[in-house]
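Quantities reported herein were computed from a predicted structural model and do not represent experimental measurements.
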Amino acid sequence: VQLQASGGGLVQAGGSLRLSCAASGRTFSSYVMGWFRQAPGKEREFVAAISWRGGSTYYSDSVKGRFTISRDNAKNTVYLQMNSLKPEDTAVYYCAAGRTSGSYYYPDYAYWGQGTLVTVSS
């Protein structure tokens with residue numbers, strides 16, 4: 001599966017952005033989907049994940065209550081709605097596809113998009 005992330009940009013603290021990740025192929029619904037992020041000089045970290053049909057979602061403590069992951073299997077797309085953004089959310093955001101539901105562990109995701117930059121100004 002090939003993934004294409006979009007929707008990043010520059011936003012002020014307290015603002016919102018919605019990231020999208022479009023997948024190619026007809027097997028999108030067989031993958032769990034995740035979002036990770038990597039800030040300059042830091043390791044890649046888990047942000048959110050969603051199960052095959054969207055019935056289960058998982059979030060890191062740092063974004064819980066502010067970010068929402070969702071998916072539309074008919075459109076082969078996963079979304080990350082980001083509200084109440086903070087400067088510490090600044091990072092390149094990556095979408096990923098894997099087989100292990102609810103995994104926070106990036107090696108469990110076999111396919112990765114190219115990343116989209118989110119910059120939150122204070």
Are there over 12 heavy-atom neighbours, none belonging to Tyr106, within less than 6.0 Å of that residue's OH?
no

For a quick test of reading the model, state the closest non-hydrogen atom pair linking Cys21 to Leu3 and the distance between them.
SG-CB, 3.8 Å

Euclidean distance, Ser101 OG relative to Tyr58 OH, rounded to 0.5 Å:
3.5 Å

Quick one: side chain to side chain donor-acceptor pair (under 3.5 Å) pairs with a partner in residues 4-19, sequence neighbours left out?
Ser16-Asn83

Just wondering, more than 12 heavy atoms not from Lys42 lying within 6.0 Å of its NZ?
no

Atom of Val92, atom of Gly115 and distance for their closest heavy-atom approach
CG1-CA, 3.8 Å

Picking from Thr77, Thr57, Ile50, Asn76, what satisfies side chain to side chain contact (heavy atoms under 4.5 Å, CB included) with Arg71?
Ile50

How close do Ser51 and Val32 get, counting heavy atoms only, and between which atoms?
CA-CG1, 4.2 Å

Minimum heavy-atom distance Gly98-Tyr109, with the two atoms named:
N-CD2, 3.7 Å

If I take atom OG1 from residue Thr116 and atom OH from residue Tyr93, how far apart are they, to the nearest 0.5 angstrom?
10.5 Å

What are the two closest non-hydrogen atoms of Val1 and Ala23, and how far apart are they?
CG2-CB, 3.8 Å

Ring centers of Tyr94, Phe36 separated by less than 6.0 Å:
no

Applying salt bridge (Lys or Arg N to Asp or Glu O under 4.0 Å) as the test, list every pair that has at least one member in residues 82-111; sequence neighbours left out.
Arg37-Asp89, Arg66-Asp89

